[in-house]
Amino acid sequence: MTEDAAIGAVLSSFFGLGVVMLTLIQNMSAGQQAGLDHLLLGSTAAMLREDAQIIAMGGALVLCVALLLHRPMMITAFDENFAQSLGVNLRFIDGAAMALILAVTVIGLKIVGLILIVALLIIPSVTARLISNRANHITPLAGVIGGVSGVVGAGISSLAPDLPTGAIIVLVSGGFFLLALFFAPARGILASAARARTFQRRVHRRQGLLALAQGYHVHEPYTRKLLQHDGHLRADGVLTARGEDAAKAALRDEMRLAYLRRNPDYSEFLSRHDGLSDLSRSFTRDELHHIDQAMETAS
Amino acid sequence: MSGAEFVALSLTPILIGVFAAISCALPGNFLVLRKQALVGDAISHVVLPGIVMGFLITRSLDAWAMLLGAAAAALFSVVAIDVIRRISRIETGAIMGVVFTTLFALGVLLLEQSDASSVHLDVEHALMGNLESLIWLEARGWSSLLDPVALAQLPPELPRLAVSSVLILGLMLVFWRPLKISTFDEGYAESLGLPVRAISLGLVMVAALAAVTAFDAVGSIIVIAMFICPAAAARLMTDRLSAQIWWSVVFASLSAVLGYVLAGYGPLWIGFDHAVSAAGMIATVSGLILGACAVLDPKGRPAWIDPSAHRRFLRPDSRFHP
Amino acid sequence: MLKLYRHTDQLDPSSPLAIRGLSVSYGEKPALFSVDLTILPQSMTAIIGPNGAGKSTLLKAALGTVPRLSGQVSIFGRALASERHRIAYVPQRASVDWDFPADVRDVVLMGLYRQSGLLRRITRADEALAEDALARVGMQDFRHRQIGQLSGGQQQRVFLARALAQNADLYLLDEPFAGVDAATETAIIAVLKNLKEAGKTVVAVHHDLSTVADYFDHVAMINTRLIAQGDISTTFTPKNLEDTYGGRLMTAQIDRLREAGLH
C-alpha cells in the first residue's frame with residue numbers, strides 16, 4: 001500500500017474509534033461535556049495563568065531539544081544514508097522528531113486545538129521555504145513567522161469580543177503564506193513569472209539571431225517582434241548593422257560552445273555556462289581569448 | 001425488533017450510510033491508485049467553510065444552498081492546491097496542509113461571527129453527522145415502501161444520496177476507459193490526446209460531489225475513511241481494476257451496515273445503556289476490514305476468491321489456452 | 001572552422017515528423033535549444049546523446065505534451081492535433097507504476113482507445129487486433145498475466161504491443177531497450193524492422209552506442225542542440241560522437257566503436 005493511503009486509512013479509522021470512545025464516555029458520565037469542539041478548536045478564552053505557564057515551559061523545553069538536535073536532524077532530512085554513515089542513529093532522530101510533534105500537540109491541544117496545531121506545524125515552515133533556499137535560515141524564519149502570527153492573531157482577536165483566537169492565528173499565518181507565495185524573492189509567483197518571461201525572450205532572441213546569422217528567415221512573429229524591438233531587425237526581415245554584429249557574436253559563441261563541448265578538457269569550463277547567454281558573461285576575456293586561439297589552431 | 005420499528009428507525013439510516021459509503025468509495029479507488037488518497041481528507045475539511053458561506057450568502061438553511069457552498073469551496077481548494085503546486089514547486093502534501101487548515105480556520109471564524117452557530121451548524125455535527133437521527137417516522141412497516149404518502153416523508157438525505165451514488169456510478173462507467181488509461185499511464189494518455197488535466201480535475205470534482213452530499217448526513221469522518229479504506233482493502237483482494245471497484249463497493253456497504261448495527265446494539269450487548277456514534281463505528285469497521293485484508297493477504301489466496309488467480313494457481317507459468 | 005548543424009528552413013510536408021526551431025526548458029536552462037529535425041518517411045531513426053541531453057523531451061515535444069518556448073512541429077505535414085491518430089508512443093517503462101491492477105490484455109486494449117472511445121463494447125475484431133499485437137511481440141501466452149508479475153523485458157514488450165494495436169504510421173519509442181533481456185531486445189528490433197518494411201516510420205531514443213549502426217538507418221545526435229542528423233553511414237562518425245558526447249564519452253569507447261566498423 002502506498003504511504004498516503006496508509007496514513008489516510010490509519011488517520012480516519014482511528015479518528016472514528018476516538019469518536020466512538022468519546023460517545024461512550026459521554027454516555028457514561030452524562031452531563032460532563034467533553035465536546036469535540038474544544039479538542040479541535042481549543043478554548044483560548046478559558047485559559048488560565050497556569051495553562052499559559054505550562055505551555056510556556058513546554059514550548060521552551062521543545063525549543064531546547066530542537067536546538068540540541070538541530071544538526072543531526074538537518075543532516076538526516078537531507079540525506080539519510082549520509083547521516084547514517086556519520087553515525088547518526090536514524091531511529092533515534094525519527095523518534096525524537098515524532099516525540100517533539102507529539103509534545104507540541106499535547107501541550108497545545110487543550111488551549112489552541114488540533115486544527116491550529118496542524119496549521120502551525122505546516123504553514124510557517126512552508127512559508128519560510130518559499131522565502132529562503134537555505135535550511136539554516138528556514139528553521140529560525142519559520143519560528144519567527146509562527147511567533148509573529150501568534151502575537152498578531154491574538155492581538156486582533158482581542159479587538160472584538162467573539163473572535164476565535166485560534167482561527168485568527170491560523171488566518172494570519174495563512175496571510176503570511178499568501179504574501180510569500182506572491183512576493184517571495186526567488187520562488188514567489190511574481191518573481192518566477194518575470195524570470196520565465198525573461199528567459200523565454202532570451203531564448204527567442206538568441207534563436208532568431210542564430211538563424212539570421214546562418215542566412216535563414218525568422219518565421220516566428222514573436223521572435224521578429226523582439227528583434228525589431230532591439231533594433232536588430234528591419235521590418236522587412238533584414239538585419240540592421242547592429243543586428244549583423246549581434247548575430248555574428250551569437251554565432252561565434254555557438255561555435256565556441258561546440259568546440260568546448262567537443263573537448264573533454266573543457267567540461268569543467270562548460271559547466272559554468274547556462275547554455276544560452278553570452279559567453280562573456282560566464283568567462284573572462286582572457287579565457288575567451290584562449291578558447292579562440294585553441295579553436296584557431298585546431299582548424 | 002419488529003418490521004415496523006426496523007423500517008421506521010433503522011432502515012433509512014442504514015441505507016443512507018450505505019449510499020454515502022458507496023459514493024465515496026467509488027472515486028476513492030482512483031484517488032488511491034493515483035496516490036492522491038489525502039485529497040479526500042483535504043476536501044472534507046473545506047466543506048465546513050463552504051457550508052457556512054452558503055448559509056451566509058443565501059441566509060437560508062436550505063440544503064441545496066449549503067451543498068452548493070460546500071461544492072464551491074471544495075472546487076476552490078482543489079484548484080488552489082493544483083495552482084500553488086504548479087507555481088511554487090512545493091510538495092503537494094504541504095500545500096494541502098496549508099490550504100485546508102487555513103480554509104477550515106476561515107470557516108470557524110465565519111461560523112462564530114454569524115448566527116449560523118445557533119442553528120445546529122456546529123463542528124461536532126460536521127464531523128460526526130447525525131446518521132442516527134435520520135429516521136422515517138411515517139413508516140408503518142415494510143408496506144410503507146410502496147405508500148406514496150409515507151415515501152414523501154422520507155428524510156431528504158436518502159433520495160439525495162441515492163441520486164448522487166447513481167450519478168457517480170454512471171460517471172465512472174462512462175469515463176471508465178479514460179480514467180483507467182490516464183491513471184495507469186499519464187504520458188501515454190496524453191499521447192492519445194486525452195485531456196489528462198481535465199480528467200484529473202473531474203475525478204476530484206466527483207470526489208467533492210460525493211464528499212459534499214455524504215457529509216451533511218454522515219459527517220466527515222466517514223467521508224475520509226470511505227475514500228480510502230474500502231479502496232485500499234479492495235486493492236488487496238484482486239489484481240483487476242473492475243473487480244477492485246466491486247470489492248470496494250462491497251466493503252463500503254459492509255462497513256456501513258455493520259458499523260451502524262454495532263454502534264446501535266453493540267454497547268447494549270456488552271452492558272452499556274446507550275448507543276455510540278454510528279459514524280465513528282462505521283469508520284472503525286472500515287479500518288478493521290482493511291486491517292484484516294492486510295493481515296490475511298488474499299494475494300496468496302485460495303483460488304476460489306478470484307477466477308484469474310485460479311488460472312495462475314493451476315498454471316504457475318504461462319501456457320494459458322482459451 | 002566548425003560548421004553548425006542546421007539543415008532546414010521550411011518544415012518538410014512529406015516528413016512524418018518535422019521540427020523547426022524547437023526550444024523547451026523545465027527551468028532556467030534550456031533542455032532543448034533551437035532544434036531542427038526532419039524524419040524521413042519509412043526510416044528508422046535513433047535519437048542519441050548523453051544523459052540529460054533532451055532526448056525524451058524531444059519525443060514529448062513532438063507529442064505536444066511539454067510546453068514549447070518556441071518552434072514548430074508538424075506531423076505528416078499537418079498540425080499535431082489532426083494527425084495524432086497516426087502516432088503511437090511507447091513511454092519509458094519506468095514511467096508507470098506496474099503494481100496497477102490490470103493484466104496484459106487490459107494494457108494492450110488501451111491502444112484501441114481511439115476506436116473504442118468511451119462506451120463502445122470491445123468487439124471480436126478488437127480482441128483479434130490485441131491478440132495479433134501480442135503475438136507479434138511473442139506475449140500471447142501472457143494475456144491474463146497481472147502486469148506486475150512480468151519481467152522488465154516482458155513489460156517492455158507489452159508496451160510495444162499496445163502501440164502496435166494502435167496501427168499507427170509513426171512510432172515514437174522512449175528507450176525501448178533499457179533494462180531488457182537479450183531475447184526481448186532481439187524481438188523488439190525484429191518488430192521495428194517489420195514496421196519499417198510495412199512502410200511505417202520509427203523513431204527511438206536509444207542509449208547503447210554499440211548497436212546504433214545495427215539497428216537503425218538514420219541517427220539524430222542531440223546535446224540540448226541538434227549536433228548532427230542524417231544517414232548512419234555519413235552521420236554516425238567519431239567526430240560527431242565527440243561533438244555530441246564531448247568529454248563524457250571516453251576515447252576508449254570511441255575506439256571500440258571504431259573497431260566495430262565505424263567510419
Side-chain angles (χ1 to χ4, degrees), chain B residues 29-30 32-35 86 89 170-197 199 231-232 234-245 247-248 299 306-312 314-322, chain C residues 26-27 56 59-60 62-66 80-85 87-93 95-107 109-114 116-120 122 127 131 139-150 154 159 162-163 166 168 172 174:
Chain B
N29 280 291
F30 286 99
V32 168
L33 285 172
R34 286 165 173 252
K35 301 176 183 57
R86 274 169 200 284
R89 284 169 293 150
L171 284 170
M172 303 291 249
L173 289 175
V174 171
F175 292 105
W176 175 254
R177 283 176 191 155
L179 265 174
K180 182 174 175 175
I181 298 176
S182 64
T183 302
F184 171 59
D185 189 346
E186 191 166 271
Y188 180 73
E190 271 188 295
S191 84
L192 291 177
L194 284 172
V196 290
R197 278 190 74 181
I199 292 171
R235 179 68 193 90
L236 296 171
M237 296 301 293
T238 172
D239 281 333
R240 298 296 306 277
L241 185 56
S242 47
Q244 179 189 325
I245 304 281
W247 272 112
S248 76
K299 288 287 179 58
D306 175 7
S308 71
H310 185 65
R311 287 196 287 271
R312 266 209 309 283
L314 291 179
R315 303 182 181 82
D317 210 9
S318 78
R319 302 300 136 192
F320 165 65
H321 301 286
Chain C
Y26 296 112
S56 298
L59 289 194
K60 288 181 184 155
L63 289 162
T65 59
V66 293
L80 172 68
S82 64
E83 300 300 299
R84 201 184 272 286
H85 62 280
I87 307 178
Y89 172 52
V90 180
Q92 277 184 25
R93 188 164 52 83
S95 67
V96 306
D97 174 12
W98 287 92
D99 192 38
F100 190 84
D103 64 11
V104 166
R105 176 180 163 276
D106 287 336
V107 175
L109 284 175
M110 287 179 189
L112 295 171
Y113 176 71
R114 284 213 152 254
S116 57
L118 289 180
L119 290 174
R120 212 204 68 200
I122 298 297
E127 294 277 3
E131 272 305 295
M139 289 288 290
Q140 66 275 34
D141 290 341
F142 294 82
R143 62 173 79 75
H144 289 293
R145 185 69 67 92
Q146 149 72 13
I147 51 172
Q149 297 171 351
L150 301 172
Q154 289 168 335
F159 260 18
R162 178 176 67 175
Q166 280 177 258
L172 303 178
D174 199 345

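In what follows, every chain begins at residue 1, and chains take the letters A, B, ... in the order their sequences are listed.
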* Would you mind telling me which of C:I147, C:D106, C:L109 has the largest number of heavy-atom pairs within less than 4.5 Å of chain B? => C:D106
* Please state whether the side chain, the backbone, both or neither of C:L59 comes within less than 4.5 Å of a heavy atom of chain B. => neither
* Interchain contact, B:L33 with chain C, by part (heavy-atom threshold 4.5 Å) -> side chain
* **Check against side chain to side chain contact (heavy atoms under 4.5 Å, CB included), C:V107 and C:F100** => CA-CA 10 Å; C:V107 175; C:F100 190 84; over 6 Å; no
* Taking all non-hydrogen atoms of both residues, which atom of B:A234 and which atom of B:S248 are closest, and how far apart? -> CB-N, 3.5 Å
* Structure fact -> When the 4.5 angstrom heavy-atom criterion is applied to B:L194 and chain C, the contacting part is side chain
* Using a cut-off of under 4.5 Å on heavy-atom pairs, state which of B:S191, B:A189, B:G187 scores highest against chain C. => B:S191
* Structure fact -> Looking only at C:T65, C:L172, C:L63, most heavy-atom pairs under 4.5 Å shared with chain B are made by C:T65
* Asked: Where is the tightest heavy-atom contact between B:R34 and B:L179, given as atom of each residue plus distance?
  -> NH2-O, 4.1 Å
* Structure fact -> Turns out that what part of C:V90 lies under 4.5 Å from chain B's heavy atoms comes down to neither
* Atom group of B:S242 that falls short of 4.5 Å from chain C, counting heavy atoms -> neither
* Asked: Which atoms of B:K35 come close to chain C, meaning under 4.5 Å heavy atom to heavy atom: side chain ones, backbone ones, both, or neither?
  -> side chain
* Flag the one option from C:Q166, C:R84, C:K60, C:R162 with the top tally of heavy-atom pairs under 4.5 Å to chain B. => C:R162
* Write down the atom of C:R145, the atom of C:Q149, and the distance for their closest heavy-atom approach. => CD-OE1, 3.3 Å
* Asked: Tell me, do B:V32 and B:R235 make a side-chain contact under 4.5 Å, heavy atoms counted?
  -> no
* Is it true that a side-chain atom of B:R177 and a backbone atom of C:G117 form a donor plus acceptor pair closer than 3.5 Å? -> yes
* To do: Under 4.5 Å heavy-atom distance to chain B, tell me which part of C:I87 shows up: side chain, backbone, both or neither.
  => neither
* Could you check if a side-chain atom of C:P101 sits within less than 4.5 angstrom of a side-chain atom of B:L241, using non-hydrogen atoms only? => yes
* **Side chain C:W98, main chain C:R93, donor-acceptor under 3.5 Å** => yes
* What part of B:Q244 is in contact with chain C, defined as an atom under 4.5 angstrom from a non-hydrogen atom: side chain, backbone, both or neither? -> side chain
